[in-house]
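See below for the structure under consideration.
Counting from 1, the numbers follow the sequence of the chain as shown. Reckoned from all heavy atoms, side chains included, excluding hydrogens, waters and symmetry mates.
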Amino acid sequence: MKKIFIICIIVLIGFWACQSPLEGFELGFKDPIEKAKIEIRFYNPSGTLPSDLKISFSGQDSNLVVTNLNTKKFKVSPEGLLIVAVSPDIIPTSEKPVKFTIVADANGYTKITRRVVFNSQSNQSIWMPLFNENTPPSGVSSKEVSIPNIQSSGLSSNQTITIGTQKAENASLLLQAGTQLTDIDNKPVLGNINLSIQHFDNRGATRGFLPANGIAANPVDINGKILPNPFDLPYLAGFVSLVINNDQGQIVKYLSKPITLTLELNPSTYNPRTKANIKVGDAIPIFSFDTDKYLWKVEGEARVVQEGNKLVAKVNISHLTDWILAWDREICRQGPTFVFKSNFNDVDMGYYCQLVNSRTNQVLREYYPGIGNGWSFALTFLPKDADFIQLKVFNYNGYWGGNRTTPVATTRELEFCNPQSVEVDVRSIPTPPSVEVAFDIVCSSGKSIDINALPATFKIQYSAVGKNNWQDLIEMRRPNTKAKTYKVREKNTYDFRASTDGGVTWPYKQLNKYLESTRIAYRIEDKGFCK
């Protein structure tokens, strides 16, 4: 790991200038780990993150987990970001993978457990939602249950667990006595176990919690055979996510006896097969999503039955993952690819585009792709909402506006599911003004810049003044000492912040800063940057 350098920054036009709140502050940094790292983003769908959130790591290689600054001081940022990595002394391979378990816990919240495997030095990222058991999002119930002292003979008695009682429709699990639990490597999971369960009905916005956005890109059938076409799940009946783990970090994958899952069903659930609301005797397809293999599988069908005054469906679960009851819809794997012909190739902003039904002019979708010269974006894994389409491009971006009423370019009529390449001429959009960000390093006579002494990465974000709505501005990586952005403009006022640890902390701030020119410069006079 590189030596930690201490520098004092003098900013020419305002970032952390001598009159800023950070006057006299010395900037310290060391190179963050850039390989075999995982960005973990925690969020609370119901509000802010709990203040007592605790993160721990368990499992066979948990001792190899470090922060991206190669420490053991694991702390989640106020925005919910934690970046950890495999120790730089270790190179994971498929023959010698690094495996560990992430555990996130807070008082009143259902514990979240995720298995992580590194087979190489490739980076990963995951999102981990935290559900408050008393105030979950609409349509969600969440529960955590502990069962002590599981022996090799399995569960000592039947276990019936009701996931929630505060909703119109709830769910329950029945675990049978004698059920033996094993992990993904078929090793027994023994001792004290923890069950974390979430039930999602089809009320509210629960579809947003479907794994992989509810898109089955490469699904398999019940026998494991790859299906020819992808699908999505627009007609949801409900789903459950279930994780069981022990104190040693082992996560249960298989069960010797199936768990019986009972889902109460919203009677207003629409059945696209019958074109009516569900009734007793209807069949609902069952799907599973394997979070370890990132694999969708068709698992058969469940019949709607009546229990008391409720419509319910029962599913037998033999392996633990996400289990979904929904009707699938075939979608287009690949549609047209749009290739832009423009006046620029480095503008870091997206421009507003509409995908429209060419026969009715109905707007089907809206996008903000980059439209640099030669850049492209493709329509993939979309439902066929029209037989023929057009793309309209506008001289409007999401950073400082423009005209989103009159398109500057419209493609010819195209078939929705035809994977053809189409040129889109947007040269009528002028090159927008840019702002340069630069390190101006001043060395004494006879000295030259030592590029290797600069931060390995330097990230800057900005926000509208006082909004605390931070967006990425630039990320400068050694050996570059200059970068260009089009997202901010001179003669405008912004809040800025910067990070040298990959974005975990943002200790360097300048608020309510007016940009007087098109150049943001950092004048650095320190022998630590010269050789």
Check the pair Val488 / Leu473 against side-chain contact (heavy atoms from CB on, under 4.5 Å), numbers first and verdict last.
CA-CA 8 Å; Val488 294; Leu473 185 64; 3.9 Å; yes
Answer yes when Lys484 and Glu436 have at least one side-chain N-carboxylate O distance shorter than 4.0 Å, and no when they do not.
no
For Val424 and Lys341, what are the C-alpha separation, side-chain angles and deciding distance, and is it a side-chain contact (heavy atoms from CB on, under 4.5 Å)?
CA-CA 6 Å; Val424 187; Lys341 187 175 184 179; over 6 Å; no
Residues in side-chain hydrogen bond (donor to acceptor under 3.5 Å, both in side chains) contact with Thr481, at least two apart in sequence or another chain
none
Sequence neighbours excluded, which residues qualify as side-chain hydrogen bond (donor to acceptor under 3.5 Å, both in side chains) partners of Asp232?
Arg329
Contacts of Tyr494 that satisfy ring pair (Phe, Tyr, Trp, His ring centres under 6.0 Å) - sequence neighbours left out:
Tyr462, Phe496
Can a salt bridge be assigned to the pair Asp290 and Lys297 using a cut-off of 4.0 Å between side-chain N and carboxylate O?
no
May I ask you to check whether over 12 heavy atoms, not counting those of Ile91, lie within 6.0 Å of atom CD1?
no
Quick one about Ser241 and Asp322 (side-chain donor to acceptor, distance below 3.5 Å, no hydrogens or angles considered), yes or no?
yes
Just checking, Arg404 and Phe394: is the charged tip under 6.0 Å from the six-membered ring centre and within 45° of the axis?
no
Search all heavy atoms of Pro432 against all heavy atoms of Met349 and return the closest pair with its distance.
CG-CE, 4.1 Å
Nearest heavy-atom neighbours spanning Pro433 and Tyr486
O-CD2, 3.3 Å
Would you call Glu79-Arg497 a salt bridge at under 4.0 Å N-O?
yes
I'd like to know whether Val220 forms a side-chain contact (heavy atoms from CB on, under 4.5 Å) with Leu295, so could you lay out the CA-CA distance, the side-chain angles of the two residues, the decisive distance to 0.1 Å, and finally the verdict.
CA-CA 8 Å; Val220 299; Leu295 180 69; 3.9 Å; yes
Identify every side-chain donor-acceptor pair in residues 38-50 under 3.5 Å, counting partners at least two apart or on other chains, and give the distances.
| unit_1 | atom_1 | unit_2 | atom_2 | d |
| --- | --- | --- | --- | --- |
| Glu39 | OE1 | Arg41 | NH2 | 3.3 |
| Asn44 | OD1 | Ser46 | N | 3.0 |
| Asn44 | ND2 | Thr48 | O | 2.8 |
| Asn44 | ND2 | Tyr109 | OH | 3.2 |
| Ser46 | OG | Thr135 | O | 2.9 |

With ring centroids as reference points, do Phe287 and Phe231 lie under 6.0 angstrom apart?
yes
Could you tell me which non-hydrogen atom of Ala217 sits nearest to which non-hydrogen atom of Arg333, and how far apart they are?
O-NH1, 3.1 Å
More than 12 non-hydrogen atoms from neighbouring residues, nucleotides or ligands closer than 6.0 Å to NZ on Lys467, yes or no?
no
Got a salt bridge between Arg519 and Asp440, using NZ or NE/NH1/NH2 to carboxylate O under 4.0 Å?
yes
Taking atom CG of Asn107 as the centre, report whether more than 12 heavy atoms of other residues, nucleotides or ligands fall under 6.0 Å from it.
no
Tabulate below the donor-acceptor pairs under 3.5 Å that side-chain atoms of residues 370-379 make, not counting sequence neighbours, or state none.
| unit_1 | atom_1 | unit_2 | atom_2 | d |
| --- | --- | --- | --- | --- |
| Asn373 | OD1 | Ser342 | N | 3.1 |

Looking only at heavy atoms, what is the nearest atom pair of Trp127 and Pro129, with distance?
O-CD, 3.8 Å
For Lys72, what residues pass the side-chain contact (heavy atoms from CB on, under 4.5 Å) criterion, not counting sequence neighbours?
Val66, Phe74
Pair Gln354, Tyr352: side-chain N/O donor-acceptor within cut-off below 3.5 Å
yes
Salt bridge Asp185-Lys187, side-chain N to carboxylate O under 4.0 Å:
no
So, Lys513 and Asp495, do they make that salt bridge, N to O below 4.0 Å?
no
